[in-house]
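Data first, discussion second: the structure below is written as structure tokens.
A, B, ... follow the sequence lines: proteins, then strands. Residue 1 opens every chain.
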There are 2 protein chains.
Amino acid sequence: MKISAQEEYGLRCLVQLANLADGETLTLPQIAELEGISAANAGKLMWLLNKAGFVHSTRGTKGGYFLARPADEIYLNEIIKVLDEDVLSSHCDSYTGVMEKCVHTGDCGIRPVIVGLHEIVENALSRITLASLVGNESKVDAMFHQIQGLHRTLEPQRV
Amino acid sequence: MKISAQEEYGLRCLVQLANLADGETLTLPQIAELEGISAANAGKLMWLLNKAGFVHSTRGTKGGYFLARPADEIYLNEIIKVLDEDVLSSHCDSYTGVMEKCVHTGDCGIRPVIVGLHEIVENALSRITLASLVGNESKVDAMFHQIQGLHRTLEPQRV
DNA sequence: GCTAATCATTACTTTTTAGTCAAGATTAGC
DNA sequence: GCTAATCTTGACTAAAAAGTAATGATTAGC
Ligand code: FES
Ligand code: FES
């Protein structure tokens, strides 16, 4: 259960756009610079996010990317769904081993674990907006711990 | 955010072992048959699980695999940690783009999201034993929704 | 119109993950 | 001891994901 590169960087690029003042845009080289990835890679990510309708772009000189909607109306679960190809809906078709479908007939204890995990993650992400991720680490941290129902204070540190 | 093949199949193989009566064992071809994967693949998975101490094995005729501990003392978070290479502890070292470490200095809104998601998943998995996954789909499903429900009821609490 | 800056799209290469194979080691039963 | 069934292990191959490159399209400013 881990975050893919596409989810990670895609999300980070969106946070950069959410950081902009109204009317400002970022070019691919700028995004690449800000996130420490190559411009080509940034281009691919932004292409995906554009197709999915999260950002708009203008071409030509003075062109660039900007959010298609206000950052406080974009929830993380929508973003992750696009960047992650939404694999859940076909779980029993994708991990089939050498068979066509998974071998479990009827009663299966695995399926609800997989589905349940995705529900829990979805549930958490659907409460967080892109806007709330902008430059406020301790705030985001507090929000997550509130969701979990845990009252721990985690010092911000690189992990 | 998705389950890897290793997590999925490894967990499924363990559930098969948890299903055995006391003293029984399963051979690689049997496990492979039950889960619809190749014997070679089952062999690799069981090797991992053996190294990690979840199963024991006996070689030779009449050999096979069995759980090293009672299934109701094995929690899913331990299993997943082994099958998933525990990537969390080095998040900012692994998604570094073209840099050595991630570019964010100080205040970062992404890090707590990643860490928080892993905490939520870990938290859910640490409450479920291998034993509870054996052949009772609706029970497992109910358990997961109870965990989610728990989060919901805790959230509105004021401090 | 021309040019430079920019996004768009597809094809390609590299890296990582998944899965297979083959040779070796161990054991029960004869 | 011999044999057949079994696990063990490292090397190999295949598939998927990640990342790069190259070419084409659009636009602002001159
Ligand atoms: S995982 Fe698909 S039915 Fe068990
Ligand atoms: S993701 Fe590592 S500091 Fe932002």
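- The shortest distance between the side-chain N/O atoms of Ser57(B) and the OP1/OP2 oxygens of dT6(D) is not below 4.0 Å.
- The CG atom of Leu26(A) sits 16 Å away from the C1' atom of dA5(C) (whole-angstrom rounding).
- Looking at heavy-atom distances under 4.0 Å, Gly64(B) makes contact with sugar-phosphate atoms alone, never a base.
- Considering only side-chain atoms of Tyr9(A), the nucleotide from dG24(D), dG19(D), dC7(D) that sits closest is dG19(D).
- Across all strands shown, dG24(D) pairs with dC7(C); the Watson-Crick or G-U wobble distances both stay below 3.5 Å.
- Comparing Gly60(A) and Ser4(A), the nucleotide of DNA chain D nearest to each residue sits closer to the 5' end for Ser4(A).
- Across all non-hydrogen atoms, the minimal contact from Ile37(B) to Cys13(B) is CD1-SG, 4.3 Å.
- If you take NZ of Lys44(B) and C1' of dA22(C), they are 15 Å apart, rounded to a whole angstrom.
- In this structure, Leu45(A) reaches neither bases nor backbone, as no heavy-atom distance under 4.0 Å exists between it and the strands shown.
- As rounded to whole Å, 12 Å separates atom C1' of dT8(D) from atom CG of Leu48(B).
- In this entry the distance linking CD of Glu8(A) with P of dA17(D) reads 18 Å, nearest Å.
- Residue Asn50(A) contributes atom CG, which lies 9 Å from atom C1' of dC7(C) at whole-angstrom precision.
- Here the side chain of Thr61(A) is nearest to one of dA5(C), dA18(C), dA17(D), namely dA5(C).
- Taking atom CG on Leu28(B) and atom P on dA25(C), their separation rounds to 18 Å, with Å as the unit.
- Atom pair Ile3(A):CD1 and dT16(C):C1' shows a separation of 18 Å (rounding to whole Å applied).
- Scanning all heavy atoms of the two residues, the minimum distance from Leu76(A) to Leu11(A) falls at CD2-CD1, 4.0 Å.
- Side-chain atoms of Asp84(B) come within 3.5 Å of backbone atoms of Met1(A) as a donor-acceptor pair (strictly under, hydrogens ignored).
- Set against dT20(C), dT8(D), dA8(C), the side chain of Arg59(B) has dT8(D) as its closest nucleotide.
- Although no hydrogens or angles enter the test, the distance criterion places a donor-acceptor pair under 3.5 Å between the side chain of Gln30(B) and the main chain of Thr27(B).
- The backbone N or O of Ser4(A) sits less than 3.5 Å from a side-chain atom of Glu7(A), completing a donor-acceptor pair.
- The side chain of Ala5(A) lies closest to dA18(D) when the candidates are dA18(D), dC7(D), dT6(C).
- No hydrogens or angles were tested; on distance alone, nothing pairs the side chain of Lys62(B) with the base of dG29(C) as donor and acceptor under 3.5 Å.
- Note that the CZ atom of Phe66(A) and the NE2 atom of His56(A) stand 6.5 Å from one another [nearest 0.5 Å].
- Side-chain nitrogen and oxygen atoms of Gln6(A) include none within less than 4.0 Å of the OP1 or OP2 phosphate oxygen of dA17(D).
- For the OP1/OP2 pair of dT20(C) and a distance below 4.0 Å, the side-chain nitrogens and oxygens of Ser38(B) include at least one atom meeting the criterion.
- Under the Watson-Crick or G-U wobble criterion, with both distances below 3.5 Å, dC30(C) is paired with dG1(D).
- For the pair Gly63(A) and Trp47(A), nearest-nucleotide mapping onto DNA chain C gives the more 5' position to Gly63(A).
- In this structure, Leu17(A) places its CG atom 14 Å from C1' of dC7(C), rounding to the nearest Å.
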